[in-house]
Every structure is written in C-alpha cells, then in structure tokens.
Amino acid sequence: MAKKAALWILCVSGTLIATAFVAIWMVVGGDRRMLLIGKTTDAHHQIETACETCHAAPPFAFAAAAAKALNKTCRNCHEDALQAAEDSHARKRFRSPRMAVYWQKLDVRLCTACHVEHRPEITRPGAVTVAADFCVACHSEGDQDVRKARPSHAGLPFDTCASAGCHNYHDNRAIYEDFLVRHADRPWVAAVPVHGLAMRSRNQKVPAEAAKRGAALAPAVALAAPTALHDWAGSGHAAAGVNCAACHAPTAAQDASRAAVEAQWIAAPDTAICWDCHKAQVKTFAEGRHGMRRHPSLAPPRDPSRRLEAIGLGGLLPKAAAAWLADPPRPVRMTVAEARLPMRPEAAAKALHCGTCHQPHAVDTERAAVEACASCHDDTHSRAYFGSAHHELWRAELAGKAPLGAGVSCATCHMAKVERGGKVVTSHNQNATLWPNEKMIRPVCLDCHGLGFAIDALADADLVARNFQGRPATIHVKSVEWALRRTQGGVHDHFQATR
Amino acid sequence: MLTFAEELVLLLNDEDGVPVPVQEDAFACALAGAVLMDLAFAYRIDTDLQTLVVTGRTPIGNPTLDRILRKIATRPEAADTRTWIRELSVDEAAAIHEEVLSSLVERGVLARQAEKFPWILRTPRHPIIEGEAAHGVSRRIREALHSDDIPDPRDITLIALLDACDLLADIFPAAEIEQCRARIEQLRLMDLIGRELAGAIADIERTIIAALRARSARFRKLLLHLSVFGGLAATVALLAPRIPAPDRFGPSLLQSLWFDGLWQQWSGYLLLGFSGAGLLAVLLLKVRPVARLGGGHWWRLAHVGFGLCCALLLFAHTGFRLGANLNAALMVSYLAALAFGALAGISTNGAPQLRRMGITPKLRSILMRLHRVALYPLPALVAIHILIVYLY
C-alpha cells in the first residue's frame, strides 16, 4: 500500500511541480530553449530565445490578437528591406475590402500566411511554409489569371513561378518589364567592367580629421604592444587622427591626462564604440546574419520582478529567487560554431563583431573583403572563389594591374556598396543582396554584366556553387525575350496597368 | 478441512494478501468448478450426459456450499453442468469469492486490510496470518507434482481443476509446470475415487475447459489481434519514414490536420479525451462493482480500443512527427506507452502461445511496468504542451 501511495503521490506531485516550473519559465523567466517546438529557421535561429521579439502578445491573448501582434513584429525588422525591394505584394495593397476574395485563398495581409516559424517539415528556401505553387491561389482565375494575361506563360506550371529564377513574391525588381527591355541589348560582360560605387569608394579620401579623435595619450602597457601600434600607424584611423583613446577610452576628454586615460581604459572595446563614427555600417551589420543579435528590435531578456508585477504577484518573490529565474544571459555576438553554413572548424570559437573581420588596429578593408570571409566560410561557393575569374580580377586590382573597382571580392557581391547622402558606404548586411539572389542584379551584377546573363547565372545553382567559373549552361530564363516580344508586339501589359 | 474454493483462493493470494493477477474468466470458472466439485465430493450432486442432479439435500455445514446446493435443488427445470458452470461463474463468482475470503478471515487464516489509498480504488488485501494452512496447500500441490507418491484424491482433483483453468502457470513458475506436464497427465488418469464421483469430476472439468475456451477464446483472440495491430502501428510510427507534407497549394486534409490551428485543437483535445477514457477504463477494472458490469473483458477491450483510437488520433495530430525538445519527449513518451501497451496486450492475450515458445509470464509484468512507466511523465508533458500552444 505504502509503495502504491508513494507512487501516486510522486506521479501527481511530479506532474504539478513540472508543469508549474515550466509555466514559470514561460511567464516569468528562465531558460526556454527546451520549449521550442521545432527547429527555428536559419533566419531566426540566432535569436530564438528572444521569444518576445516575435511573440509580443500578452500571455493567453486571443488567437486573433496574438496573430496580429506576431505579424506586427515581422515589420519591425523587415519593413525597410521590403520597402527597398518595392514589395510587389505589399500588405497595404491587400487591406482593401476589394481584395477580400483573396483573403479566403491566402490571407497575405499576414506574414504568417506564408512564413510560419518552427515548422522545419514544411519550411522551404526563404523560410516559406506554403506549397511551392502558392501563386495559383490568386493568379489562376479571373482578372489575375496569368495564363490568359500573358500568353507566354500559358502551360507553365505554378510551382516554377518562384523557382525558375523569374519571380519573387516580394522583390521583382529584376524582371520589371521596362527594366528588362532597357537592358536587353547589353553584352554578357562590359568592355570595361568596373564597379562604379566600389571605384568611388576606393577613391574616397580619408577625412583629414575624424569626428572623434580621442585623447592623444595611451597607457604605457598598451603602447608597448608592438603590432597594435604598428597596425594602427598604417590604418585609416591613424590617417584621420583617431587616437587610441578614441576607442579604448571613449569617455576621456581629448586633453585628458595619461592617468585619466588609464583610469577609463577599455582593453577590448565593443562594436558600440564603432557606432560613434560608423553608424551606417554598424546599423546594417545588425540587419544581417553576422550581427543580428544587436538588432534594436530584439526583445531584451525578461525581468522576473516586472513580469510578476504584470500578473499581480509583484513583491511576492524573494530577490534571490528572482535572480535565479532571470533569463539566461543572451550573447550579443554570434559565434562561428552557431552558423548553419559549412565553416572552418578552427574558426568555431570566433565571435562576430567589427574587429573579427577588420582587425581592430589595422582596420584593413582589403583583408575584410576576402581573407576574413574565407577564414570562416568553408562551403563550396566560398572555396570555389579562389582561382575564379572574379578572384583574379580582385588580385589584379590589388596589384595595380586593373583599374580601381574592377576586382570582385566576397564583399563586392555580399556587402554591396550603397550611396547615402552623396557618400559611398558599405552595407554590412550580407543578406541585403541575397534571398532571393536576384536582389544582387541591380546593385552588383549589372555594373559589369548584361541583364540576361546575370539572370541566367544567378538561376543556375551549379554555376553559383562553382562561384561563376564558366557560363550558365543549363538554365536560360526567357524573361528578356518575352518582355521584348510583348513590348515590341504591342501586347497590353495587364499587370502594369493595374499597378 | 478447507474446501476446494478456499484452497484455490489461498493459492491465488500472495504473501502480502494481494491476489495473483489471473484471467478473470478462468478464476470465475475455477471458483464455480471448485464449488461443484466440493458438492460432488460431499455426494450432494451427480452428473450425467444431460443434467446435473441433486443426490442429497442435507446441508453440508459450509454456508457457501449450502447456498449453492439450495440454488441447484430449487431450480424447477433440470440443467446440465455447462449451464451451472456458466451461471455460477457469471452470477455467483464474485459472491463466492467474497464468502470464501470472509470464511478464511473468520477462521484466522487471512486478515482483512482495507487499502486507504487511493481512495477511489479502495480494495481490501488479505495478508496471511496462519501460514501453515495457507502455505500447506501450495506445498501439498508441489509435492504431488514432484514426487512419485500417490497423492490425496482431493489434491489430484485440485490440480486437475487448476490445469483445466490454465492457472497452474500463474501460481507456480511456468517452466516448473512444463517439466511436470507428464506427471500432471499421470495424476489425471489415477483412479483413486469411485467411478460415479470420478465421472462427475471429469464432467465438471470438461465443461470448464469447454466453457473457458468458448468464452475467452473470442475475446482473447480479438484482444490479441488488436494488440498486434497496435504494436505494428507503434512500430511503424517509430520507424517508418514520415509522410511528407502536401506539396500542392489548395484544400488538403493532411495539410489541415497537421498544420491548421483549429484542426490541431480538435485532434489534440480528442486525443486527450480518448487517452483519459483509456486510462479510466483500466482504472475502473480495479473497482470491483464496476468491473462486474459486463465482465473484465469488455473493459479490457475498451482499453485496447481507446489505445488504438489514440494511435490514429496521434497520427492525425502529428503525422507521427516527433517535433523537438519537450514536444519530442511527449511524442516519445506517448509512442512508448502505446508500444509497450500493445506488447503487454500481446503477452497477456497470447500467453498460452508464448508459454509454448518458452517465454515466461514474467515478461508480461515487465511490459506492464514499462507501459506504466512510459505513462508517468505524460500528464506533465501534455499540460506543458497545451501551455506552450496557448502562450506562444
């Protein structure tokens, strides 16, 4: 009897205790990794324990309110990119009651109609969780029947819309008809292939005086480090008069004494220091995979005391228990070991911040453009870069045998130059020209290549894996021909008219 | 002197007073047979091909035997042994069992202790307090099985009854009984009692065997088949490749089942309901008055049926995808409970076949224990699963 009673007591109390503990982790604080219901997508796995970043609704909110809050958070991080991409299916277009008929088929007013997190079994490239032929929902009947509006599309299966290198749900800038026609007669490679912005960037003079110089003094111990001082002396920082204290003792006054500088000395300054002068770079770094843990929209770790107050239990929890219940510290840097792409094993311990690629004292942009990437990335595409035509051009440019901007480094394509306020800056969001990779055509490929070639090359997965060694052989996207045929044949552009 | 029914109950009572788990039908038939055999030994009844007849109405002095004798004697129309075995095993077995236990308690052989926990399943235990009487029966049967001496005719009759009801292997190790198989056959053929009494005893035995076969074969077979089906379903669920999610846009039953929140809630709560019903069916088996409703077989059938429904609902809810972290723990726990439940069902209902294959009844208790162990974490995991769904 005693054994049976003990078993029942153990079972019931174990159930209650385990449930209570997990409920506390959910509502108040604690490590929630074990609560993840499925593998998080590659896009979000770095921030998967910052649950409130996406699950912003209060606990036990009604389903509609929870969905609304969840979808609102998507826009916190992705709205700028969607606007920049001139989103073809912008949410605002579908909010009109005229579109109600489509809501029944696929309610694209909600991001979660197509992108559901933690569903690895149905997650496709681009974190899409609807069937590949989802275009059929709206473009197979009535005014929007693409097979009637575009005779060239008759007979094409719907699962090829987004997979054949033609259309993308959000970003269709690469196949705007006027764009296709305008670039139709370009040769596959320009006579003088040069990246205009890259050339301007490399010609950009280092400012004679940086916005922040810092105190001229540094601790003797720091100055004794020979390589640091040597690297700094040849850097852009030195040329702009940015002293050691500008980064290592940012709070010290410019005329501070050595003792004052020593007192405020930071041995390893964080990325936040770089923000003071390189706002655009640091901002875009946080928008990409390398620095997304610094994104300002991320929910901070929960404060157990405040969470308890929110549910009317404030003050009940002893301080020690509140500390024990706190969310585990959340790393602000991604380590290479956490990456889901193939990486070099020896780089596993590296944590990503500005200095990881740029070397904190040399601030070497040339090294950061290729060697820094190759010191971690070990996938087929990355390995194939060395020895490719793009790499040869890069080497030639560095050797002075090719004009400035002729070289193609990793950063040329993946951290494209952008112009802001008349100044060329490097976008540190490596994802800005990826997913879909056609996003790379306008800002990067067209500087040197013809549009038709670029579309075909980016649609050819094998060629991408070979890092464009060779020409697209198996894939040919007929967008340019079809656009020419339609415009020269005077066919009415139905979709253009309705936009 | 103890009656056959009392000796039977003592043999099926362990040291702590907990009844040895046996097939309920077999036990009920054995009790009915034991009472009729006692009446035959007391020369109160006799049997022929068509009827069981009362040959003496003088009370024996044992309340149970006298009550049953009165019942047989006062029945207006004649009935055969088969009818009486059926009637006594269905209508009287529980009462006979209770009376036998009360008699043994009254005589100081057993004590009666009511379990105080859990309250809803309060069942009395009967620990042995007079060891000589209790253990004496077992010792005598063992001696009769292992020696070459001529045993007491009553012991032979009890062995034959236990063998007819397939209870010997539940009382003694199965291997030991298999070794004694030749001796049991030899004992059956011994002609130590009068021809008429021997005829009556043999008739009761034959009737019991026939009744047991007829009654339990149907259920056992059905339960065995369902258990095998459940075992196969659990194996497939664990090992078979997952059915991929539908790859075409548009209405799809599987897509709705596996990925639509509303459908998921329906299948989830149905699964929870069926799991609870399955658990309730087996818990109610322990509540004697409830178990008497329709007999244990129906409750067991309900338990297995609910288990199979749960397997189907689990497929509808998850597609047998394990998920991750606590969801994976929940799935593994659930599938383990289903798999071990199915295997325990096979070992219980296929006991005779397994025994022939040399697999001991110990396997059954191990599988039962594993089935229960897999169930323990389920309530917490289900509660957490529901909380996760509604909080995130």
Side-chain angles (χ1 to χ4, degrees), chain A residues 1-12 14-23 25-27 32-40 51-52 54-55 57-61 63 66-67 70 105-106 116-124 129-137 140 158-159, chain B residues 16-18 113-125 127 242-252 254-255 258-262 265 286 318-319 321-331 372-373 375-392:
Chain A
M1 195 284 285
K3 195 175 157 190
K4 199 189 263 185
L7 207 57
W8 272 89
I9 290 167
L10 195 69
C11 188
V12 173
T15 298
L16 294 175
I17 290 168
T19 310
F21 261 101
V22 176
W25 287 333
M26 284 187 223
V27 179
R32 289 177 286 180
R33 278 173 297 184
M34 71 170 77
L35 305 182
L36 289 165
I37 60 166
K39 186 183 172 188
T40 314
C51 309
E52 285 71 27
C54 303
H55 298 282
F60 298 109
L70 184 69
K105 297 172 179 173
L106 190 63
V116 183
E117 196 39 279
H118 309 300
R119 292 285 200 182
E121 61 274 60
I122 52 168
T123 302
R124 300 168 193 282
T129 49
V130 285
D133 62 343
F134 66 91
C135 304
V136 77
S140 61
F158 278 96
D159 57 1
Chain B
D16 298 327
V18 179
Q113 282 182 359
E115 281 207 59
K116 290 176 183 164
F117 190 92
W119 302 273
I120 196 167
L121 305 176
R122 189 177 293 183
T123 50
R125 292 186 312 125
R242 302 288 163 259
I243 297 174
D247 202 23
R248 290 274 164 242
F249 188 87
S252 156
L254 291 181
Q255 180 80 24
W258 294 337
F259 303 108
D260 183 285
L262 189 66
Q265 287 189 65
K286 296 182 186 295
T318 66
R321 287 179 184 82
L322 294 185
N325 303 312
L326 284 176
N327 268 7
L330 174 59
M331 274 296 284
R372 278 186 218 118
V373 166
L375 285 169
Y376 287 143
L378 272 183
L381 290 170
V382 168
I384 291 165
H385 174 73
I386 293 172
L387 271 177
I388 290 173
V389 169
Y390 286 109
L391 273 170
Y392 294 103

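A note on names: the letters A, B, ... follow the listed sequences, proteins ahead of strands, and every chain is numbered from 1. These numbers were taken from a predicted model, which means no experiment stands behind them.
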Closest heavy-atom pair, A/Lys105 versus B/Phe249, reported as atoms and distance to 0.1 Å, is O-CZ, 3.4 Å
Heavy-atom nearest pair, B/Leu387 first then A/Ala23, reads CD1-CB, 3.8 Å
Check: Would B/Ile388 and A/Met26 satisfy side-chain contact (heavy atoms from CB on, under 4.5 Å), going step by step from the backbone distance to the final call?
Finding: CA-CA 8 Å; B/Ile388 290 173; A/Met26 284 187 223; 3.5 Å; yes
Bottom line for B/Asn327: the part with an atom under 4.5 Å from chain A's heavy atoms is side chain
Most heavy-atom pairs under 4.5 Å with chain A, out of B/Ile384, B/Leu378, B/Leu381, belong to B/Ile384
Residue from A/Val136, A/Leu70, A/Leu35, A/Val130 scoring the most non-hydrogen pairs under 4.5 Å with chain B is A/Leu35
Check your understanding: Between the side chain of B/Tyr376 and the main-chain N/O of A/Leu10, is any donor-acceptor distance below 3.5 Å?
Key -> no
Handout entry: Within 6.0 Å of CZ in B/Arg242, more than 12 heavy atoms from elsewhere
Key = yes
Looking only at A/Arg119, A/His55, A/Glu121, A/Met34, most heavy-atom pairs under 4.5 Å shared with chain B are made by A/Met34
Shortest non-hydrogen pair, B/Ala380 vs A/Thr19, comes out as CA-OG1, 3.8 Å
Heavy atoms of A/Arg124 and B/Asp247 approach each other most closely as NH2-OD1, 2.7 Å
Honestly, the part of B/Pro246 sitting under 4.5 Å from a heavy atom of chain A is backbone
Okay, A/Cys51 and chain B: the region with an atom under 4.5 Å from a heavy atom over there is side chain
* Asked: So, A/Asp133 side chain and B/Arg248 main chain: donor-acceptor pair closer than 3.5 Å or not?
  -> no
Counting heavy-atom pairs under 4.5 angstrom with chain B, the leader among A/Gly38, A/Ala66, A/Ala18, A/Ala137 is A/Ala137
